[in-house]
*Asks:* 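Below is one structure. I have some questions about it.
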Amino acid sequence: MNPLLGAEQAVLGSVLLDPGQLSHLAWLAPDHFYRPVHQALFAALRKLHNDGHPALAAEETAPLSWVTDAFDEASLHVRGLTTVYAHTLISACPRPAHAPVYGRMVLEGAIHRSVTAHAIRLHQAARADALQGEVEGALHYADVLTEVLSDLAQRWGTEPRPVAPATPPANAPAAPPPVRADHVAGDERFLLAVLAEQSWAMGEVVGWLRPGDFADPAHAQLYRCLGALHHRGEPIDGITLLWEAQRRGLLADGTLSSDQITAICDGVGPGSAEWLGELVIRSSVTRTAATSARAIRALAENEAMAPGRLINRALHALGPLDEVRTRWQMANGRPAPTPTAAIPSPNGPPPAQVHAALARSAPRPASPLSARPSPAPTPAAARPTSRGHS
């Protein structure tokens, strides 16, 4: 049996057997279930619980009306559901008291699916923006993904914070060919030619344009040479640029050739370095968004990765996009947005976050009695939660 399917059935079976288990699953939502029939049934059980169904007052086994009313309510929203399926759900639940653990498994699957879906949307928006010469779609879906990661972190009971992987992933997805590569490369060559021709032009872009914004590695190195000459206050022309490239070993290792530099520096017409630089950094925004989306999707499709680690590494993968977005806004004269960091409560984490974290924590076995005196026991609610599943 698929582990996720078994977990979803076990959650529903435990609630059908013991309606009181719903009070331990406040952090679990119907859309966290993968199967639509399970979503409808859990929503129906939640509705009956909120409406104060008489089964909640039962001290022992739940009455048959709890099961039939739940299936009748769920049947209003999904087809093909009959009470016969209740036997399957109940038999799939080994122990009703383990409902929070089964619910945690359901939430873990939902986190992976949700992050994957939003990463795909971000990648599609970035590719569409690259074709249309825009950035708004990619930046919007990046904000949506950030909000989703923060919400999932709270539900999982962990603190959302960017965490870099200890080692680069061995199976990192290869970057696809850049969209409109000829057009982007032409903009970059034109910009470099203007910067080499106009001695004052570097001052217009050096504050927000970086070598990493160039799609062509050779263009990035040439821009780095121009930046070095500008930083030292030395004159910029075809000869000094060629000399700087030689000093950096770019001619010897084949990164650049003298013919490339000569072709860029010769025959340039008038142009605006600021406007061309905006074209280059705009392309960098969509390219970085696509790269971040591919990295996050690869993380989310790794079923062995714990949700807490997935969320934090996904936030780290969005970091380069946040950085280039800030410089894009500088280039357009827009103020950079102030990050809305969560303000810690003076009374500790939010109750929902504590509840989710406690649901993920295994109860500690009682220590055997010993002759030595021991300190007073710590209440379970005050103990630090286990991070083994983060």
*Asks:* Parallel, tilted or perpendicular: which describes the rings of F33 and F42, with under 30° parallel and over 60° perpendicular?
*Replies:* tilted
*Asks:* Is there a donor-acceptor pair under 3.5 Å between the side chain of E188 and the backbone N or O of A215?
*Replies:* yes
*Asks:* What distance separates L17 CG from I90 CD1, expressed to the nearest 0.5 Å?
*Replies:* 4.5 Å
*Asks:* Hydrogens and angles aside, do R287 and S283 bring a side-chain donor and acceptor to less than 3.5 Å of each other?
*Replies:* yes
*Asks:* Scan side-chain atoms only and decide if T116 and R113 contain a donor-acceptor pair under the 3.5 Å cut-off.
*Replies:* no
*Asks:* Is there side-chain contact between L310 and L152, with at least one heavy-atom pair below 4.5 Å?
*Replies:* no
*Asks:* Can you name the residues that form a side chain to side chain contact (heavy atoms under 4.5 Å, CB included) with E323, not counting sequence neighbours?
*Replies:* R327
*Asks:* Hey, mind stepping through D18 and Q21 against side chain to side chain donor-acceptor pair (under 3.5 Å) and telling me if it holds?
*Replies:* CA-CA 6 Å; D18 182 5; Q21 292 298 327; 3.0 Å; yes
*Asks:* Is there a donor-acceptor pair under 3.5 Å between the side chain of R297 and the backbone N or O of A119?
*Replies:* no
*Asks:* I want to check something: taking the side chain as every heavy atom from C-beta on, are F214 and R224 in contact at a cut-off of under 4.5 Å?
*Replies:* no
*Asks:* Is the count of non-hydrogen atoms from other residues, nucleotides or ligands lying under 6.0 Å from Y141 atom OH greater than 12?
*Replies:* no
*Asks:* Does any non-hydrogen side-chain atom of S258 lie less than 4.5 Å from one of L242?
*Replies:* yes
*Asks:* Hydrophobic cluster membership, with links at side-chain heavy-atom distances under 4.5 Å among I/L/V/M/F/W/Y: are I111 and V144 in one?
*Replies:* yes
*Asks:* Are E234 and R232 close enough for a salt bridge, meaning some N to O gap below 4.0 Å?
*Replies:* yes
*Asks:* So if you build clusters from Ile, Leu, Val, Met, Phe, Trp, Tyr with side-chain heavy-atom gaps below 4.5 Å, do I120 and L139 land together?
*Replies:* no
*Asks:* When you measure from the side chain of S114 to the backbone of A110, do you find a donor-acceptor pair of N or O atoms at a distance under 3.5 Å?
*Replies:* no
*Asks:* Under 4.5 Å between any side-chain heavy atoms of V205 and I281, yes or no?
*Replies:* no
*Asks:* Hey, could you give me the CG/CD1 distance between L299 and I311, rounded to the nearest 0.5 Å?
*Replies:* 11.5 Å
*Asks:* For A164, which residues count as a side chain to side chain contact (heavy atoms under 4.5 Å, CB included) partner, sequence neighbours excluded?
*Replies:* H316
*Asks:* Do you know which two heavy atoms are closest between A92 and A10, and how far apart they sit?
*Replies:* O-CB, 3.7 Å
*Asks:* Do the non-hydrogen side-chain atoms of D213 and R210 ever get within less than 4.5 Å of each other?
*Replies:* yes
*Asks:* Is any side-chain heavy atom of P217 less than 4.5 Å from a side-chain heavy atom of T255?
*Replies:* no
*Asks:* Of all the heavy-atom pairs spanning H49 and P19, show the shortest one and how long it is.
*Replies:* CD2-O, 4.1 Å
*Asks:* L4, V37: one ILVMFWY side-chain cluster at the under-4.5 Å cut-off?
*Replies:* no
*Asks:* Counting only N and O atoms by type, is there a donor-acceptor contact under 3.5 Å from the side chain of R282 to the main-chain atoms of G133?
*Replies:* yes
*Asks:* Within the 3.5 Å criterion, strictly below it, is a donor on D259 or S257 matched to an acceptor on the partner's side chain?
*Replies:* no
*Asks:* When rounded to the nearest 0.5 angstrom, what distance separates CG in D151 from CZ in R155?
*Replies:* 5.0 Å
*Asks:* Determine the minimum heavy-atom distance between A138 and D129, stating which atoms define it.
*Replies:* N-OD2, 2.7 Å
*Asks:* Could you go through the side-chain contact (heavy atoms from CB on, under 4.5 Å) check for L122 and L318 one step at a time?
*Replies:* CA-CA 11 Å; L122 173 59; L318 286 172; 4.2 Å; yes
*Asks:* Show every donor-acceptor pair shorter than 3.5 Å between a side-chain atom in residues 271-280 and any protein atom, with sequence neighbours excluded, or say none if there are none.
*Replies:*
| residue | atom | partner | partner atom | Å |
| --- | --- | --- | --- | --- |
| S272 | OG | W275 | N | 3.2 |

*Asks:* Tell me the closest heavy-atom pair linking A7 and M105, and the distance in Å.
*Replies:* CB-CB, 3.7 Å
*Asks:* Between R309 and V163, is a side-chain contact (heavy atoms from CB on, under 4.5 Å) present by the stated rule, with each step listed?
*Replies:* CA-CA 8 Å; R309 188 177 303 173; V163 175; over 6 Å; no
*Asks:* Flag the pair W66 / L48 as yes when at least one side-chain heavy-atom distance between them is below 4.5 Å, and no otherwise.
*Replies:* yes
*Asks:* Could you tell me whether the side chain of N332 and the main chain of W328 form a donor-acceptor pair under 3.5 Å?
*Replies:* yes
*Asks:* First locate atom SG of C225, then atom CD1 of I261, and finally report the distance between them rounded to the nearest 0.5 Å.
*Replies:* 7.0 Å
*Asks:* Kindly give the heavy-atom pair with the smallest separation between H230 and M202, and that separation in Å.
*Replies:* ND1-CB, 3.6 Å
*Asks:* Please confirm whether the backbone N or O of A29 pairs with a side-chain atom of H32, one donor and one acceptor, at under 3.5 Å?
*Replies:* yes
*Asks:* Between the side chains of D143 and R325, is the shortest nitrogen-to-carboxylate-oxygen separation below 4.0 Å, so that they form an ion pair?
*Replies:* yes
*Asks:* Please report the interatomic distance OH(Y34) to CD(Q39), rounded to the nearest 0.5 Å.
*Replies:* 10.5 Å
*Asks:* Would you say D51's side chain and H53's backbone share a donor-acceptor pair under 3.5 angstrom?
*Replies:* no
*Asks:* How far apart are the closest heavy atoms of T286 and A126, and which atoms are they?
*Replies:* O-CB, 3.5 Å
*Asks:* Which value, rounded to the nearest 0.5 Å, describes the distance between K47 atom NZ and L76 atom CG?
*Replies:* 9.0 Å
*Asks:* Go through the steps for L209 and Y223 under the test side-chain contact (heavy atoms from CB on, under 4.5 Å), then give the verdict.
*Replies:* CA-CA 9 Å; L209 191 64; Y223 180 75; 3.5 Å; yes
*Asks:* Apply the test side-chain contact (heavy atoms from CB on, under 4.5 Å) to residues L195 and I236: give CA-CA distance (whole Å), side-chain angles for both, the deciding distance (0.1 Å), then the verdict.
*Replies:* CA-CA 8 Å; L195 295 177; I236 297 177; over 6 Å; no
*Asks:* Hey, are the side chains of E301 and H112 touching, using non-hydrogen atoms and a 4.5 Å cut-off?
*Replies:* no
*Asks:* Does any N or O in the side chain of T288 come within less than 3.5 Å of the main-chain N or O of L321, such that one atom is a donor and the other an acceptor?
*Replies:* no
*Asks:* Ignoring hydrogens and geometry beyond distance, is a side-chain donor-acceptor pair present between Q9 and Y85 at under 3.5 Å?
*Replies:* yes
